[in-house]
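Note that the structure is predicted; figures quoted are calculated from it, not measured.
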Amino acid sequence: MLSSSSFVRAFVASLVLITLPAFAQAPGADSPAPAAPSPSATPGQQPAGELPPPPGSAPADPSQAAQPAPADGATLSEATASDEAAMGAEALAESAAPPPGFTGIYGRLTDEANGEGLIEATVKVVTGAGKQALTDLDGNYRLALPPGKYDLRAFYDVYQGRRITGVVVTQGKATKLDVALSADVGAVQEVVVEARSDRRAEGALLQDRKKAAAVSDAISAQEIARTPDSSAGDAVKRVVSATVVDGRYVLLRGLGGRYATTLLNGALLPSPEPDEPSVPLDLFPTSLLANLNVVKSYTPDLPGTFGGGTLLIETNTYPSQFEFKPRLTLGGDTVTTFRERNAQAQGGFGETLGFASSDRSLPSALPRDHRLGAGGESAQQLESQWESFSNIWERRTTRAAPNLGLGASLGDTLRFGNQRLGYLATVNYGHRDGVQTGDFARAARDESGSLISQDVARTTQGFSTANLSGLASVGYQFDRDNELTLFSLYTRGTDTRTYTANGNNNVRGDTYASTRLQFITRALSFTQLRGFHRLGLLGDSEVDWQANVSRVDRDEPDTRDTLYSAALSTPDAQLSFPNQPNSGERFFAELGETSTGGSLNLTLPFTSDLRVKVGGLTQVSFRDFNARRFRYLLTDEPVDRTQSPEQLFSPDNVGTAITVRETTRADDAYNAFLGIYAGYVSADYKPVEPLRLVGGVRLEASNQQLTLEDPFTGVESDNGGADQRYLDVLPSLNATYALAPEVNLRAGYSYTLARPTFRELAPFIFFDFVRRRNVSGNPDLLETRIHNVDVRAEWFVGENDVLAASAFYKRFQNPIERVIRNPDSGDLGFENAAGADSYGVELEARTSLARFSPALRPVRVGANLTLIQSRVDLGDAALGAQTNKDRPLQGQSPYVVNVNVGYERPESGTEVAVLYNVYGQRISEVGVQGLPDVYERPFHRVDLSLTQKLGATQLKLTAANLLNASVTLRQGDVTVQTYKPGVAFTASLGWAL
């Protein structure tokens, strides 16, 4: 296997090979003469698939340069009454490419100056059939015509019309004709042309990126469709410098958790996880997504919590015409499907849909207002309460079924004159079985100081997940100046996990076998109302606003742990139930968080070169957490302790040989509050034409409170909580210099923050069963402050082509680190370091291979590389006696690589993509007291996707992790944990009805 240094060298070599032909055409370089345009080429532009001339250059042979078609002076006002009658709803073209077998002409009408689509422009056949069509919201049109040769005229109000002659239509083939219209400078009427770009398309996102005020990277729904990715957690790793932990938590530029904020349609999202500050992205199926955009340089209109970047999740909006798209997906993997896996006896049909069965709930016989046994109950009453728990402790086995996915979407836009009503409804369901078998060990020092492996164990996890989600969006455009959109999302996921472990505990001198039965539900509901209004005063100022309310819930009912052990000194001894912690325990936990707020932005265009934007945000969150713990204990009554737990804890023994004690801690319940109140002002100014400056300041006040409360009475505790109040001034400046219309140089500086999360502040202790250690928070954590510097050069070579190089530097004050507090047990906590530095470079290239040969026109290649270095300054404090005083930031990968090669043949509806992703080793846990840091090793992932259109049906076949790579954590020379997720396969069938 290649070393990481070899990997980076190989990638850079491939990146140079990809970009060299484009850079060879840089300004001043000799360039071949462009080919003469074909009838299907956009007038005034290069034929599709070929690079435009480099910025500032001229064609080698001016006589062969594309000449604009002569203006015929036609405008929409010249259409006859009969023509207008013919232009009904049926004349509006679809935004998608025509289906296979279509005979006629299709394409897009755009503004020659900015490339935006022209809405309801006219394409008319002036010879032959005499038909015409209007363009849709994105400027697309379609004309069904019999075979022959045609002359066409494209025209739009106050634009110069164009005539295109000699367009040939062949039976069974779609002839593409894109036309760019230039404004009629002689027109006395001022018309504002607006177009709503399809933000699911790769080209539209690149256009937005080119015009953006800040450094950003994105992946569109069009690109996601070429991958095997099924959720946002899978898809986001394709974005430059983004990595994912546990398949659901994103790291941006090596920074995750509190340093990576997630916004859904512009609104802050809370996390349903008590132990992770990030929003779990596996809650969002890719079918709901329009795009994922990562903003990497800060602007004042974003929340002040900004470190590695801000992830913007934009969901699908209503389509321009009616569509109904059902979908069926089947899948499996090499380690699970049709094989035996650990399972649980509980369940039912409701759990396959994501809803827990009632027998997992805390029994109604148990008291809610006081600790079990503390209410003066009689022995008979207590025994009755103990026996009310379900007596299910052992794992069962079942045969894993193939993975299943079902989905459907329905949407349309209804037009009433100048008004439009659009709607979209989507529902998705997914079910997946899995097996994860691996090895676990703990690193320790022997008497000579050498690093040795202890507590070696074999772990097997069987799991079953179910995800149910629905989206509804309704938008009404009253006129050009006013629009409202109501959006609602509900997504719910369940994890049923059954763990078994067999190994040794060298500290206790035991060999053991343990089991955990766990069931977790996570749910997110989100509703948002958005508005846009053009005021018609103060230079045609604009107002956009949004109000939102969301609710996240996480329920963990009745997690059960058992452990049986025997002395290592007696190899043949039978395992028996011990009286010790983490054996015979039940755990119930509920977390709920409600968040509500809104934002308002006012844009004031004082002049064509100066736009001022002011706005504010309020967002408040209320969280409640409550847990209860119970433990089964042996009495002095003799009993066979080698019995299985369901025999040992049967009603025959409970109350005699077995008692149940409640071990709920005083800090097992808390409530928390986070209030964020912000206002900002920014200016977008062009002092000279090539230079754009966007700068401003944000004033953000926050109040973060966490209060412990009695788990039974709800009475708040006087100590042990946290109350943090901050008033932060967050300045930023972004500069963009346009060397040419397609080339930008960018630079930015900002001063931002990162807050500790509720979980990191809460002193609540959680037991990690797999790694067998406790995790607890720290109420004394401080806010982190961050200096950010970014520079980037980017060249938008073509509609879907880009070359970019970026560099960044970040300085952290009081960064929050996860540390090992006890090297013997591996218990974790959180501390502030004195400071840290992070810096890196990013390279990106996306291009078609048509530049090498016309035969390679269907092949596209994309690659990106991120190189990052970071160092932590621990200051005078040892931070839990950490071993390394000079180390990278926890979670920081030194490199991230993405490569993809795609082949698309529109004539046959075939598309193939091969994708590769790898990240460098990163610190998973910080070592203390002489023990090394725990590193997660690189994971090399190769995926394959094949899509075939079959009329109105689309078949998609995918294969993921073709190298069958392993997930491995190492601490020095000791492998702490390793397992293989296997090679996964899916087959998806979708219909467009």
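Ring geometry for F630 versus F588: interplanar angle over 60°, hence perpendicular rather than tilted (30 to 60°).
Listed for the S599 side chain is no donor-acceptor partner under 3.5 Å among the backbone atoms of L617. A donor-acceptor distance shorter than 3.5 angstrom exists from the side chain of Y726 to the backbone of E783, with no hydrogens or angles considered. E700 contributes a side-chain N or O that, together with a main-chain N or O of G304, makes up a donor-acceptor pair within less than 3.5 Å. Remark: side-chain polar atoms of D359 are not paired, donor with acceptor, to backbone N or O of S390 under 3.5 angstrom. Judged by distance alone, with hydrogens and angles left aside, the side-chain atoms of Q546 form no donor-acceptor pair with the main-chain N or O of G531 at under 3.5 Å. The closest donor-acceptor contact from the side chain of N832 to the backbone of L782 lies under 3.5 Å. Looking only at distances, a side-chain donor or acceptor of S361 sits under 3.5 Å from a matching main-chain atom of S358.
The environment of R396 atom CZ is dense: over 12 non-hydrogen atoms of other residues, nucleotides or ligands sit within 6.0 angstrom.
One side chain, E556 or T559, offers a donor N or O that lies under 3.5 Å from an acceptor on the other. With no hydrogens or angles considered, a side-chain donor-acceptor pair links N291 and E314 at under 3.5 Å. No hydrogens or angles considered: a donor-acceptor pair under 3.5 Å links the side chains of N342 and T500. A side-chain donor from one of N548 and Q619 sits under 3.5 Å from a side-chain acceptor of the other.
Looking at T261 and L268, their side chains come closer than 4.5 Å, going by heavy atoms from C-beta outward. Proximity of L591 to D553: side-chain heavy atoms (C-beta onward) are nowhere separated by under 4.5 Å.
A pairwise comparison of heavy atoms in L424 and S409 identifies CD1-CB, 4.4 Å as the closest pair. In this structure, S595 and S621 approach most closely via the heavy-atom pair OG-OG, 3.2 Å. Minimum interatomic distance between F463 and T465 (heavy atoms only, all atoms of both residues): CD1-CG2, 3.9 Å.
Between R560 and E585, none of the side-chain N atoms (NZ, or NE/NH1/NH2) sits under 4.0 Å from a carboxylate O, so this pair counts as no salt bridge. Classification of D668 and R629 as a salt-bridged pair holds, one side-chain N sitting under 4.0 Å from a carboxylate O. Remark: D301 does not engage R698 in a salt bridge, criterion side-chain N to carboxylate O under 4.0 Å.
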(request) Would you sort out whether R341 and T398 count as a side chain to side chain donor-acceptor pair (under 3.5 Å), showing the intermediate values? (result) CA-CA 6 Å; R341 68 169 180 88; T398 188; 5.7 Å; no
(request) Give the intermediate values and the outcome of side-chain contact (heavy atoms from CB on, under 4.5 Å) for residues H431 and N403. (result) CA-CA 6 Å; H431 188 273; N403 303 327; 6.0 Å; no
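When ring centroids are compared, Y632 and W393 come within the 6.0 Å threshold. A ring-centre distance under 6.0 Å is not found for Y490 and F526.
Atoms CG and CZ, from L292 and F284 in turn, are 10.0 Å apart once rounded to the nearest 0.5 Å. Atom CZ of R371 sits about 12.5 Å away from atom CG of L366, to the nearest 0.5 Å.
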